[in-house]
Each structure stands twice: as structure tokens, then as C-alpha cells.
Amino acid sequence: MFEMMPFSRGVDLYRPFRDLEELERSMFSGNGLTAFRTDIRDIGDAYLLEADLPGMKKEDIHIDIDGDRLSISAERSAVREQENDGYIRCERSYGSFSRSFDISGIRGEDISATYEDGVLKLTLPRQVQREPASRRLEIR
């Protein structure tokens with residue numbers, strides 16, 4: 001029955017605000033401006049977290065540790081002297097980016113960070129697991 005409708009399948013008459021919904025989803029979901037991509041690898045006695053932050057300056061990236069939570073935030077601002085500065089289209093994103101990670105089981109005081117070629121690398125050393133000392137109890 002739906003094949004016989006005179007409207008093309010590409011037109012969604014039941015969602016007239018589809019474009020606004022997609023804009024909202026891209027801006028407020030985890031994949032929009034508020035997040036960035038990361039990889040976390042196990043490298044033996046530590047984890048290596050690599051975060052893609054292309055085009056960011058090292059001074060604009062902040063790493064904060066609060067208890068068992070590590071937060072990475074960065075801000076890229078647009079500097080334009082004139083509104084119509086010869087741009088026909090401008091698609092580069094500007095705004096704040098942030099992610100938080102649970103670092104329980106990590107030695108927070110030994111975390112180190114480097115930033116090179118748009119990639120932030122954090123080395124997260126594991127806490128040393130202490131084996132419980134075994135002992136024999138004497139029976140009284």
C-alpha cells in the first residue's frame with residue numbers, strides 16, 4: 001500500500017522538523033562538539049590514552065584530576081575581525097570539548113602527558129596490586 005503513495009520516499013512528511021532534530025543531535029550528543037575520539041591501550045604496567053585534538057594549541061588543553069576522575073577539556077575559539085571576511089563557507093568547528101575518565105586503579109600522581117601533531121598522549125600507570133601476605137594461624 002505504501003508503494004502506491006504519490007510522494008517520494010526521500011520526503012518525510014511525518015517529521016517536518018527532521019533537520020532541526022539532526023542539528024540538535026549533532027550538537028548535544030557525545031559525537032558532537034562536546035566530545036573527541038580516544039583510544040586506550042594496555043601497555044603492560046600502564047595504560048596509554050591517545051586523544052585526537054587536531055588544530056588545538058597545547059595551552060588550550062587542560063587535564064584535571066579530582067579523586068578518581070580525570071577530565072580532559074579544550075577550547076578552540078574563532079577569531080574573525082569581520083563577519084564577512086571573504087568566506088563563502090566556514091565549516092571548521094569552534095567551541096569547548098571535554099571528556100572524563102574513571103581512573104580508579106591508576107597512580108594519579110604518576111600520570112604523564114605529551115601533545116604532538118594533534119594527538120594528546122597520557123600514560124596512566126597502574127597501581128601496584130599488593131598480594132595479601134599469607135600466614136598460618138596458631139590454634140590456642
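The first residue of the sequence shown is numbered 1, and numbering continues consecutively from there.
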Would L53 and I61 count as a side chain to side chain contact (heavy atoms under 4.5 Å, CB included) if you check the C-alpha gap in whole Å, the side-chain angles of each, and the deciding distance to 0.1 Å?
CA-CA 9 Å; L53 295 167; I61 301 171; 3.8 Å; yes
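Side-chain contact between R107 and V128: present, with at least one pair of heavy atoms (C-beta onward) separated by less than 4.5 Å. In this structure the side chain of D52 reaches within 4.5 angstrom of the side chain of V119, judged on heavy atoms. Looking only at side-chain heavy atoms (C-beta outward), I63 and L120 come within less than 4.5 Å of each other. Side-chain contact between K121 and L48: present, with at least one pair of heavy atoms (C-beta onward) separated by less than 4.5 Å. Looking only at side-chain heavy atoms (C-beta outward), I106 and I111 come within less than 4.5 Å of each other. Contact of the M56 side chain with the E75 side chain is not registered, since no non-hydrogen atoms from C-beta on lie closer than 4.5 Å.
Across S104 and D68, no two heavy atoms sit closer than the pair CB-OD2, 3.6 Å. For the residue pair P125 and A46, the shortest heavy atom distance occurs at CA-CB, 3.7 Å. Considering every non-hydrogen atom in both L137 and R135, the closest pair reads CD2-NH1, 3.7 Å. The shortest non-hydrogen separation linking A113 to L122 is CB-CD2, 3.1 Å. Across every non-hydrogen atom of Y115 and G55, the tightest pair is OH-N, 4.4 Å.
Counting non-hydrogen atoms of neighbouring residues, nucleotides and ligands closer than 6.0 angstrom, the CD atom of E116 reaches no more than 12 such neighbours. Crowding of D42 atom CG: a count of heavy atoms from other residues, nucleotides or ligands under 6.0 Å exceeding 12.
Looking only at distances, a side-chain donor or acceptor of R99 sits under 3.5 Å from a matching main-chain atom of F36.
Geometric assessment of R126 against the ring of Y47 yields a positive cation-pi assignment under the 6.0 Å and 45° thresholds.
Going from atom OG1 of T114 over to atom CG of D117 covers 10.5 Å, rounded to the nearest 0.5 Å.
Residue F101 is tested with I65, I72, L124 for a side-chain contact (heavy atoms from CB on, under 4.5 Å); the sole match is I72.
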